[in-house]
2 protein chains.
Amino acid sequence: MVGLRAKGYRLTPQRLAVLRALVESPHHPSVEQIYGQVRLEHPMISQATVYRTVETLKEMTEVLELEFSGASNRYDGRRAEPHPHLVCRGCGSIQDLELPALVREATEVAERAGYELLGHRLDFYGLCPRCRGR
Amino acid sequence: MVGLRAKGYRLTPQRLAVLRALVESPHHPSVEQIYGQVRLEHPMISQATVYRTVETLKEMTEVLELEFSGASNRYDGRRAEPHPHLVCRGCGSIQDLELPALVREATEVAERAGYELLGHRLDFYGLCPRCRGR
DNA sequence: TTATCTGCAAAATGTTTGCATGCAC
DNA sequence: GTGCATGCAAACATTTTGCAGATAA
C-alpha cells in the first residue's frame, strides 16, 4: 500500500495508522486531528511521529500539505497533487474544488514566466453557507 | 496618506515608517525585513510594533498578507487586493502576476458554491530562472 | 544484527500579549 | 489630560530536533 516499502522506508504500525487516518478522512485534518484519531488504536504514539510521518509522505508525494501560518497545517491524503480548495474562515472546514481548466491555464502562465513549476495553491477563503448565517 | 487618521488610528512616526517601507518595496518583504529597513531611520522601533502595524494595515485592507507556515509571512503593500504570485522555492523571491481572467473565473466558481468570498490565494511555487541553474 | 524509527523532552521559530511608560490628539 | 501606541520581555503555538532505547528487515 502506497509503496512505503518499495521506496526504502520501513513499514511500521505507526506509519500505517497515520496513512490510514489520512486516506480515510475527507476533512483535510491537521496533525493534531490525525494524532487524536490514530491514538484510538495506538495509545502510545507520539505527536512527533505523526509530524515525521506526514513529512515523509509529503516527500513521497503521497499527501498534499496546506500551510497556514496562524493555525495548524492541514493535510490531504486523498489527492496529493495540488488542487483548488474552498476554506471557511468561520469553521475552518476545507472542501475540494474541481477546476481543471483553471489549473491548466494557470500552470501554463507560470511556465511561460520561465519557472520550473513545483506546485501551486489555488484556494478561496470565505464563509461557508452554514457560517454565513451567524 | 492611506487614511490612518481618517479611520481613527493615530499617525505615529513608527506607523508611517512601516507604511513607507511597505509601499517602497516591490519584494513582498517579511516583518523581519521591514524591521531591518525601518530601523535605519528609527533605531528604537521594536519588532512588536512592526507586527502590530502590519496587522493594523491588514485590517484596513492596505496590505496583503501571504502566509507561510514554515517561514515568515510576506507582505504586499502595493497591491492589497488578492492577486496571483510566483514564489521561488529556491531564493524565496515573490513576483506578482497579472491574470485578471483567471481571478474573475475563479471567483465566480467559489461564489457558485455558496460561499461569501473574502479572499483567495492563487500562487505558484517553483524555481525561478536564476535558481533553475543550480 | 543493524540501521532506521519511535517516544520523550527540550529547542527552535514566528508571532502575540501584558504591562508600564510615552506620546498623538 | 486622556487614551491609544510603543518597547520590552515573557508567553504562545506549532513544528523540529537530540538522544537513548526499540524494532523492522
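Within every chain, numbering begins at 1; the chains are lettered A, B, ... in the order of the sequence lines, protein sequences first and strands thereafter.
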Within this structure, what is the CD-to-P distance between B:E67 and D:dA13, rounded to whole angstrom?
-> 17 Å
Give a yes/no on whether any side-chain N or O of B:S69 is located under 4.0 angstrom from OP1 or OP2 of C:dG14.
-> no
Polar atom pairs (N or O), protein with nucleotides 16-21 of chain D, under 3.5 Å:
unit_1 : atom_1 : unit_2 : atom_2 : d
D:dG18 : O6     : A:R52  : NH1    : 3.4

Calculate the interatomic distance between A:H42 atom NE2 and D:dA22 atom C1'; express it in whole Å.
-> 16 Å
Do A:L118 and B:I94 sit in the same hydrophobic cluster, where Ile, Leu, Val, Met, Phe, Trp and Tyr count as joined when their side-chain heavy atoms come under 4.5 Å apart?
-> no
Any side-chain donor paired with an acceptor under 3.5 Å for A:T56 and A:T53?
-> no
Looking for any heavy atom pair under 4.0 Å, which part of the strands does B:P13 touch: base, sugar-phosphate only, or nothing?
-> sugar-phosphate
How many Å lie between CD1 on B:I45 and P on D:dA9, as a whole number?
-> 16 Å
Within the structure, does a side-chain N or O atom of B:T12 lie under 4.0 Å from either OP1 or OP2 of D:dA5?
-> no
So, A:Y35 versus A:Q47: side-chain donor-acceptor pair below 3.5 Å or not?
-> no
Given that B:V50 and A:N73 both sit by DNA chain D, which one's nearest nucleotide is further toward the 5' end?
-> B:V50
Rounded to the nearest 0.5 Å, what's the gap from CD on B:E65 to CG on B:L57? Could you check?
-> 11.5 Å
Starting from the first five and the last five pairs of the helix from C:dT1-D:dA25 to C:dC25-D:dG1, work out the angle between the resulting helix axes, to 10 degrees.
-> 40°
Choose from D:dG7, C:dC8, C:dC25 the nucleotide whose nearest atom is closest to any side-chain atom of B:R10.
-> C:dC25
Cationic tip of B:R121 above B:F68 ring, under 6.0 Å, 45° of axis = yes
Whole-Å distance between C:dT6 C1' and A:M44 CE?
-> 10 Å
Between CD of A:E32 and P of D:dT15 the distance, given in whole Å, is 9 Å
Do the side chains of B:V31 and B:L19 join up, straight or via other hydrophobic residues, at under 4.5 Å, putting them in one cluster?
-> yes
Check whether any side-chain nitrogen or oxygen of A:S72 sits under 4.0 Å from OP1 or OP2 of D:dT14, and answer yes or no.
-> yes
Tell me yes or no: between the side chains of B:D96 and B:H83, is some donor less than 3.5 Å from an acceptor?
-> yes
Measure the distance from CZ on A:R5 to C1' on C:dT4 and round it to the nearest whole Å.
-> 13 Å
Does OP1 or OP2 of D:dT6 have a side-chain N or O of B:S46 closer than 4.0 Å?
-> no
Pairing of A:E55 and A:K58 as salt bridge, 4.0 angstrom limit | yes
Candidates C:dT6, D:dA5, C:dT15 - which lies nearest the side chain of B:Y9 = D:dA5
Which whole-number value in Å describes the distance from A:R15 CZ to C:dT4 C1'?
-> 8 Å
Enclosure of B:E41 CD (heavy-atom neighbours >12, cutoff 6.0 Å) | no
Protein-nucleotide distance (B:Y35, atom OH; C:dT15, atom P), rounded to Å | 14 Å
Just how far is it from atom CG of B:L86 to atom CG of B:L97, taken to the nearest 0.5 Å?
-> 4.0 Å
